[in-house]
Enquirer: 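Just dropping this structure here.
Whatever order the structure lists them in is the order used to number ligands and atoms, beginning at 1.
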Amino acid sequence: MEFNLNQRSNAGAWGSFSFREKIQMESIWAENWSRNSYWLEGIAKSPSPQGAALPPSSTDVLIVGSGYTGLNAALETARAGRSTLVVDATDPGWGCSTRNGGQISTSIKPSLEKLSLKYGHAKALAIRNEGKNALDWIEDRVKAEKIDCHFQRCGRFHAAHSAQTFETLAREAEQLSKVENIPSDIIPKDKQHSELGTDFYHGGVVFSHHASLNPARYHHGLMQSAEKAGVTICGNCPVTRIERTSSGFMVETSKGQISARDVIVATNGYTSGVSSWLKRRIIPIGSYIIATEPLPQDLMDKLFPRNRVISDTRKVVYYFRPSPDRTRILFGGRVSADETDTSVSGPRLYDDMCRIFPELRGHKITHSWAGTVAYSFDELPHIGINDGVYYAMGYCGTGVSLSSYLGMRLGQKVLGKKEGATAFDDLSFPTRPLYTGKPWFLPPMVAWYRWRDRAQSKRSA
Ligand SMILES: Cc1cc2nc3c(=O)[nH]c(=O)nc-3n(C[C@H](O)[C@H](O)[C@H](O)COP(=O)(O)OP(=O)(O)OC[C@H]3O[C@@H](n4cnc5c(N)ncnc54)[C@H](O)[C@@H]3O)c2cc1C
């Protein structure tokens with residue numbers, strides 16, 4: 001069975017549950033619970049007056065995808081005087097950029113050690129530094145554009161799911177401080193309640209420079225800045241073909257053909273056959289989140305005494321945080337081997353959340369949604385140009401700052417500016433033989449990792 005991760009109706013996939021399970025599940029849903037992202041509450045559907053307009057027939061720069069990558073690239077090119085058009089297959093911002101957890105880290109998944117083996121120490125350090133650059137840069141962007149999106153350097157508590165992983169985490173944190181100058185505090189299990197009100201974890205590490213924001217407000221602010229800069233944003237305008245011509249490109253869309261001097265593909269987890277070269281390099285993976293109903297303030301204070309964002313060391317990670325107004329918990333993760341419907345992922349996430357915080361049983365879910373992130377085979381983001389078409393994607397689930405920063409760099413590349421250079425530029429973008437963009441290997445992999453995570457936790461219980 002295939003599910004659309006972005007469904008907006010409440011017609012659920014109930015067939016796979018027993019009658020008892022259905023009754024239990026019914027009791028956890030708030031009346032009129034929503035499949036839309038919690039972050040969209042109070043945000044106008046499309047802030048763009050041009051959202052439904054016809055696109056122009058020619059433009060200097062055409063950008064496919066209106067998330068953080070596309071809009072940050074657009075701001076660069078438009079402000080340099082290039083006519084810039086951003087098109088999106090659905091509503092502007094429909095992709096991950098209004099659905100994510102709003103957690104911002106230094107975002108590079110492979111360790112310095114692993115990267116050094118492949119690229120040498122200096123290059124590895126340069127790649128890892130780009131993660132720090134992206135984090136600092138997004139703060140500057142938010143301030144410069146005066147975007148009211150609750151950006152704060154709240155810090156992260158990265159929690160160990162077993163005693164053994166705590167030891168490894170603590171060792172790694174010391175190395176990060178020494179070699180990469182990344183500040184961290186090791187929190188043993190007996191001090192854990194100062195960071196997080198649970199005994200579920202085995203201690204963890206605080207990265208006090210990590211940050212959080214409201215992703216949809218950030219996206220909304222970018223849209224407004226882009227429009228002020230003269231960018232045309234056209235929603236409900238899927239690109240179906242990109243063809244090279246003698247003067248640039250002819251781009252076919254559902255709203256007609258558009259000629260463009262430069263084209264940027266900024267479609268990340270939603271990359272389709274418009275570029276089969278990119279599709280063969282991206283592994284689309286669903287990620288799922290729930291939002292609780294407003295909770296008593298003393299409970300929030302007990303569970304999140306420092307207001308940090310939280311992630312854990314499981315391979316199939318949980319990520320969670322208080323809402324910016326500290327009334328709710330937003331709890332995310334991957335709860336099934338296969339992609340699933342949000343009426344199914346909701347109760348599973350709820351169950352996992354209540355295992356960490358038993359006090360939450362009885363409180364209801366108001367939102368349950370999902371989106372598709374983009375992994376790459378080497379777990380690194382990629383930016384560059386293929387057959388004349390610019391791209392940046394493959395943020396591996398940590399793209400709030402990276403997609404923004406690399407989007408901006410991509411805009412600079414289109415302008416031919418030397419500042420557009422990044423440490424990712426000369427990395428090859430790997431694929432695998434026979435891979436066409438459908439990750440058949442994912443369900444068994446996720447099932448195995450979930451089993452291993454659980455076994456490690458049990459051994460420490
Ligand atoms: C549930 C979830 C939680 C996450 N949590 C975090 C987090 O806490 N921290 C973090 O750093 N990252 C997180 N991420 C990842 C982060 O949201 C993404 O990396 C980031 O938003 C990517 O931005 P983007 O602009 O590249 O892509 P997107 O925002 O996904 O935009 C791509 C756009 O391309 C459009 N498109 C696709 N094909 C076409 C076409 N043919 N024609 C026109 N338009 C097209 C789509 O409609 C879409 O709007 C999360 C993602 C999800 C789904």
Enquirer: If you measure every N/O of Ala89 against every N/O of ligand 1, is any gap under 3.5 Å?
Expert: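 N/O-N/O distance below 3.5 Å exists for this pair.
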Enquirer: Is the positively charged end of Arg409 above the ring of Trp137, judged by distance under 6.0 angstrom from the centroid and angle within 45° of the axis?
Expert: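 So Arg409 doesn't make the cation-pi contact.
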Enquirer: Applying a 4.0 Å heavy-atom criterion (strictly less than), which segment of Tyr395 is in contact with ligand 1: side chain, backbone, both, or neither?
Expert: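 The part of Tyr395 near ligand 1 is the side chain, not the backbone.
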Enquirer: Quiz question: by atom type and distance under 3.5 Å, do the side chains of Arg328 and Thr366 form a donor-acceptor pair?
Expert: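 The criterion, which ignores hydrogens and geometry beyond distance, is satisfied for Thr366 and Arg328.
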Enquirer: Tell me whether the NZ or CZ atom of Arg280 lies within the 45° cone about the ring axis of Trp277 and under 6.0 Å from its centre.
Expert: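 Arg280 over Trp277 ring: no.
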Enquirer: Of the protein's non-hydrogen atoms, which lies at the shortest distance from atom 22 (C) of ligand 1, and what is that distance?
Expert: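 Nearest protein contact, heavy atoms only, for atom 22 (C) of ligand 1 is Asn268 ND2, 3.6 Å.
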Enquirer: Consider ring-ring contact (aromatic ring centres under 6.0 Å, His included). Of Phe331, Phe157, Phe357, which one does Phe304 pass it with?
Expert: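 So the option named by the test is Phe357.
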Enquirer: Assess, by modelled atom type and distance only, whether the side chains of Arg321 and Gln103 contain a donor and an acceptor separated by less than 3.5 Å.
Expert: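 Not at all, the side chains of Arg321 and Gln103 share no donor-acceptor pair under 3.5 Å.
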Enquirer: Fit a plane to each ring of His209 and Phe207, take the angle between them on a 0 to 90° scale, and name the class: parallel (under 30°), tilted (30 to 60°) or perpendicular (over 60°).
Expert: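 His209 vs Phe207 ring planes: perpendicular.
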Enquirer: Would you mind telling me if ligand 1 is within reach of the side chain of Arg99, the backbone, both or neither, using heavy atoms under 4.0 Å?
Expert: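 Just the backbone.
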Enquirer: Please determine whether any non-hydrogen atom of Met393 lies less than 4.0 Å from an atom of ligand 1.
Expert: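 No, Met393 has no heavy atom closer than 4.0 Å to ligand 1.
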Enquirer: I want to confirm something. Looking only at heavy atoms, which of Asn100, Leu406, Val239 is nearest to atom 14 (N) of ligand 1?
Expert: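 Looking at heavy atoms only, the winner is Asn100.
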Enquirer: Is it true that Tyr201 and Asp312 share a donor-acceptor pair across their side chains at a distance under 3.5 Å?
Expert: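 Per modelled atom types, Asp312 and Tyr201 side chains form a pair under 3.5 Å.
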Enquirer: List ligand 1 atoms under 4.0 Å from Val400, heavy atoms only on the residue side.
Expert: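 The atoms of ligand 1 under 4.0 Å from a heavy atom of Val400 are 9 (N), 10 (C), 11 (O), 12 (N).
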Enquirer: Is it true that Glu339 and Tyr288 share a donor-acceptor pair across their side chains at a distance under 3.5 Å?
Expert: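 Per modelled atom types, Tyr288 and Glu339 side chains form a pair under 3.5 Å.
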Enquirer: Checking side-chain polar atoms at under 3.5 Å, does Ser404 have a donor or acceptor matched by the opposite partner on Tyr218?
Expert: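 The answer is yes; a qualifying pair exists.
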Enquirer: So which protein heavy atom does atom 34 (O) of ligand 1 come closest to, and at what separation?
Expert: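 Of the protein heavy atoms, Gly65 CA, 3.4 Å lies nearest.
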Enquirer: Between Trp369 and ligand 1, find which residue part has any heavy-atom pair under 4.0 Å and reply side chain, backbone, both or neither.
Expert: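 No part of Trp369 is near ligand 1 at this cut-off.
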Enquirer: Between the side chains of His219 and Thr98, is a donor N or O closer than 3.5 angstrom to an acceptor N or O?
Expert: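 The criterion, which ignores hydrogens and geometry beyond distance, is not satisfied for Thr98 and His219.
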Enquirer: Nearest to atom 47 (O) of ligand 1 by heavy atom, Val64, Asp88, Leu135: which?
Expert: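 Among Val64, Asp88, Leu135, the closest heavy atom to atom 47 (O) of ligand 1 comes from Asp88.
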Enquirer: Counting the benzene-type ring for Trp, do Tyr38 and Trp369 have ring centres under 6.0 Å apart?
Expert: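 Distance test on ring centres: not under 6.0 Å, no.
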Enquirer: For Lys364, is there any backbone N or O sitting under 3.5 Å from a side-chain donor or acceptor partner on Glu293?
Expert: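 Side chain of Glu293 to backbone of Lys364, a donor-acceptor pair under 3.5 Å: yes, one is there.
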Enquirer: For atom 7 (C) of ligand 1, what's the nearest protein heavy-atom neighbour? Residue, atom name and distance, please.
Expert: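 Protein heavy atom with the smallest distance to atom 7 (C) of ligand 1: Gln103 O, 3.6 Å.
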Enquirer: Is it true that the side chains of Tyr319 and Asn100 contain a donor and an acceptor less than 3.5 Å apart?
Expert: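 No, no side-chain donor-acceptor pair sits under 3.5 Å.
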Enquirer: Which heavy atom of the protein is the closest neighbour of atom 19 (O) of ligand 1, given with residue, atom name and distance?
Expert: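 The closest heavy atom on the protein side is Gly399 CA, 3.2 Å.
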Enquirer: Heavy-atom contacts with Gly371 under 4.0 Å: which atoms of ligand 1 show up? List them by number with element.
Expert: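 It comes down to these atoms of ligand 1: 53 (C).
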Enquirer: With the threshold set at under 4.0 angstrom, would you say Gly102 reaches ligand 1 through any of its heavy atoms?
Expert: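 Per 4.0 Å heavy-atom rule, Gly102 contacts ligand 1.
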Enquirer: Does only the side chain of Ser97 get under 4.0 Å from ligand 1, or the backbone, or both, or neither? Count heavy atoms.
Expert: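 Within the 4.0 Å criterion, Ser97 contacts ligand 1 through backbone and side-chain atoms alike.
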Enquirer: Any idea which part of Val373 is under 4.0 Å from ligand 1, heavy-atom wise: side chain, backbone, both or neither?
Expert: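 It is the side chain that gets close, since no backbone atom is under 4.0 Å.
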Enquirer: Starting from atom 13 (C) of ligand 1, find the nearest protein heavy-atom neighbour and note its residue, name and distance.
Expert: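 It is Gly397 O, 3.2 Å.
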Enquirer: Any N/O of Gly95 closer than 3.5 Å to an N/O of ligand 1?
Expert: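 Yes - when backbone and side-chain N and O of Gly95 are compared with those of ligand 1, one distance drops under 3.5 Å.
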Enquirer: Examine the proximity of ligand 1 to Pro92 and report which part, side chain or backbone, both or neither, has a heavy atom under 4.0 Å away.
Expert: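 The answer is neither; Pro92 stays 4.0 Å or more away.
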Enquirer: Taking 4.0 Å as the limit for heavy-atom contacts, which would you say applies to Val274 with ligand 1: side chain only, backbone only, both, or neither?
Expert: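 Near ligand 1, Val274 shows its side chain, while the N, CA, C and O stay back.
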Enquirer: Without hydrogens or angle criteria, can the side chains of Ser311 and Arg156 be said to hold a donor-acceptor pair below 3.5 Å?
Expert: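 Short answer, yes.
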Enquirer: Which of the numbered atoms in ligand 1 are under 4.0 angstrom from any heavy atom belonging to Tyr68?
Expert: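 That gives atoms 21 (O), 25 (O) of ligand 1.
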Enquirer: Give me the nearest non-hydrogen protein atom to atom 26 (O) of ligand 1 as residue plus atom name, then the distance to 0.1 Å.
Expert: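 Result for atom 26 (O) of ligand 1: Thr69 OG1, 2.7 Å.
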Enquirer: Would Ala266 count as a contact of ligand 1 if the rule is a heavy atom under 4.0 Å away?
Expert: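 So Ala266 counts as touching ligand 1.
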Enquirer: Using a strict cut-off of 4.0 Å, indicate which atoms of ligand 1 neighbour a heavy atom of Tyr270.
Expert: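 Answer, ordered by atom number: 30 (O), 37 (C), 38 (N).
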Enquirer: Check for a donor-acceptor pair, side chain of Thr267 on one end and backbone N or O of Tyr270 on the other, with a separation under 3.5 Å.
Expert: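 The answer is no, because no donor-acceptor pair under 3.5 Å joins these two groups.
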Enquirer: Can you tell which part of Ile289 has a heavy atom less than 4.0 Å from ligand 1: side chain, backbone, both or neither?
Expert: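 For Ile289, only side-chain atoms sit under 4.0 Å from ligand 1.
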Enquirer: Under 4.0 Å from any heavy atom of Gly101, which atoms of ligand 1 are there?
Expert: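 That gives atoms 3 (C), 4 (C), 5 (N), 6 (C), 7 (C), 8 (O) of ligand 1.
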Enquirer: Which residue supplies the protein heavy atom nearest to atom 18 (C) of ligand 1, what is that atom called, and how far is it?
Expert: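 Checked against all protein heavy atoms, atom 18 (C) of ligand 1 sits closest to Cys96 CB, 3.8 Å.
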Enquirer: Looking only at protein heavy atoms, identify the closest one to atom 36 (N) of ligand 1 and say how far it is in Å.
Expert: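 Looking only at protein heavy atoms, the one closest to atom 36 (N) of ligand 1 is Thr267 CG2, 3.6 Å.
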Enquirer: Kindly say whether Asp60 contributes a backbone atom to a donor-acceptor pair with the side chain of Arg82 at under 3.5 angstrom?
Expert: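 Answer holds: no.
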